[in-house]
Amino acid sequence: YKIVTCHAPSDMFKYLEHNKPDILLLDIMLPEISGFEVLKKLRSTSDMPVIMLTAKGEVEDKVVGLELGADDYLGKPFEPRELLLRVQNILKRYSSIFTKIKNDDNTKFGPFLFNQKSIF
């Protein structure tokens, strides 16, 4: 995996203007704004898979993260192998969804779905 780190939400949103990572690992306790606020803003424009990876492991925090659209939530400390398996499972699921869409002659672009046969 190629890993890119951003130390502040503003850096991450600048990065996302020109890049589309396959998955995002997101902490709750961040400078500038909380990870929950980042997730809310991200979900308004993207369906990128997100795993909340944070020291805030209370049930309430997990529920909020999942309600806001996180695909998974893993509390610290964690086993690196468990994180790797969760990442692999989510990427596999998203990959199969994308493959199904491509096989149906459709291309998804943001909130839009284009049918290749009707365009050409």
Side-chain angles (χ1 to χ4, degrees):
Y1 295 104
K2 178 183 176 190
I3 299 171
V4 175
T5 58
C6 298
H7 298 285
S10 58
D11 297 335
M12 182 202 73
F13 285 113
K14 283 180 193 169
Y15 178 81
L16 291 177
E17 288 175 11
H18 304 287
N19 301 279
K20 185 164 187 275
D22 295 322
I23 194 165
L24 175 67
L25 302 180
L26 181 62
D27 201 342
I28 293 174
M29 296 179 286
L30 300 170
E32 301 173 348
I33 60 175
S34 78
F36 292 138
E37 291 299 317
V38 170
L39 184 59
K40 260 193 252 185
K41 186 174 178 180
L42 183 69
R43 281 293 173 247
S44 70
T45 60
S46 173
D47 60 356
M48 176 191 331
V50 175
I51 296 177
M52 302 296 292
L53 185 64
T54 180
K56 295 191 79 149
E58 301 297 320
V59 172
E60 180 65 26
D61 294 316
K62 291 179 185 181
V63 168
V64 170
L66 294 169
E67 284 178 339
L68 290 174
D71 295 275
D72 204 348
Y73 194 110
L74 188 59
K76 296 177 188 173
F78 60 89
E79 282 293 322
R81 191 165 163 207
E82 180 182 2
L83 173 60
L84 181 60
L85 288 170
R86 288 173 186 249
V87 166
Q88 289 171 344
N89 287 339
I90 288 172
L91 291 177
K92 188 183 330 175
R93 188 172 6 151
Y94 272 76
S95 174
S96 68
I97 291 168
F98 181 73
T99 301
K100 182 181 182 322
I101 289 172
K102 288 298 258 183
N103 289 341
D104 292 340
D105 293 318
N106 294 320
T107 301
K108 186 174 182 195
F109 182 76
F112 304 102
L113 187 66
F114 297 96
N115 183 290
Q116 299 291 336
K117 288 183 177 177
S118 67
I119 294 174
F120 300 104

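- The two residues Arg43 and Leu68 have their closest heavy-atom pair at CG-O, 3.4 Å.
- Residues Met12 and Val50 share a hydrophobic cluster, clusters being chains of Ile/Leu/Val/Met/Phe/Trp/Tyr side chains in contact below 4.5 Å.
- The cluster map of Ile, Leu, Val, Met, Phe, Trp and Tyr, joined by side-chain heavy atoms under 4.5 Å apart, puts Leu30 and Leu42 in the same cluster.
- The side-chain heavy atoms of Leu84 and Tyr1, taken from C-beta on, include a pair separated by under 4.5 Å.
- Under the 4.5 Å side-chain heavy-atom criterion for ILVMFWY residues, no single connected hydrophobic cluster contains both Val63 and Leu66.
- Contact check for Leu24 versus Leu16: no side-chain heavy atoms found under the 4.5 Å cut-off.
- Between Lys40 and Glu37 a salt bridge is recorded (basic side-chain N to carboxylate O distance below 4.0 Å).
- Contact record, Leu39 with Gly65: CD2-O, 3.5 Å, taken as the closest heavy-atom pair.
- Val87 places none of its side-chain heavy atoms less than 4.5 Å from the side chain of Pro49.
- Scanning all heavy atoms of the two residues, the minimum distance from Ile28 to Tyr73 falls at CD1-OH, 3.0 Å.
- Nearest approach of Pro9 to Pro31, heavy atoms of both residues: CD-O, 3.1 Å.
- Ile51 CD1 to Leu25 CG: the interatomic distance, rounded to the nearest 0.5 Å, is 5.5 Å.
- For the atom pair CG of Leu74 and CG of Leu85, the computed distance is 11.0 Å after rounding to the nearest 0.5 Å.
- By the criterion of side-chain heavy atoms lying less than 4.5 angstrom apart, applied directly or through intervening Ile, Leu, Val, Met, Phe, Trp or Tyr residues, Phe78 is not grouped with Met52; the two fall into different hydrophobic clusters.
- When all heavy atoms of Ile90 and Ile23 are compared, the pair lying nearest together is CG2-CD1, 4.0 Å.
- The nearest pair of heavy atoms linking Ala55 to Met29 is CB-CE, 3.9 Å.
- A salt bridge links Glu82 and Arg86; the closest N-O separation between the charged side-chain nitrogens and carboxylate oxygens is under 4.0 Å.
- Rounding to the nearest 0.5 angstrom, the gap separating the CG atom in Leu91 from the CG atom in Asp71 is 10.0 Å.
- Glu32 has its side chain out of reach of Val38: every pair of non-hydrogen atoms, C-beta onward, lies at least 4.5 Å apart.
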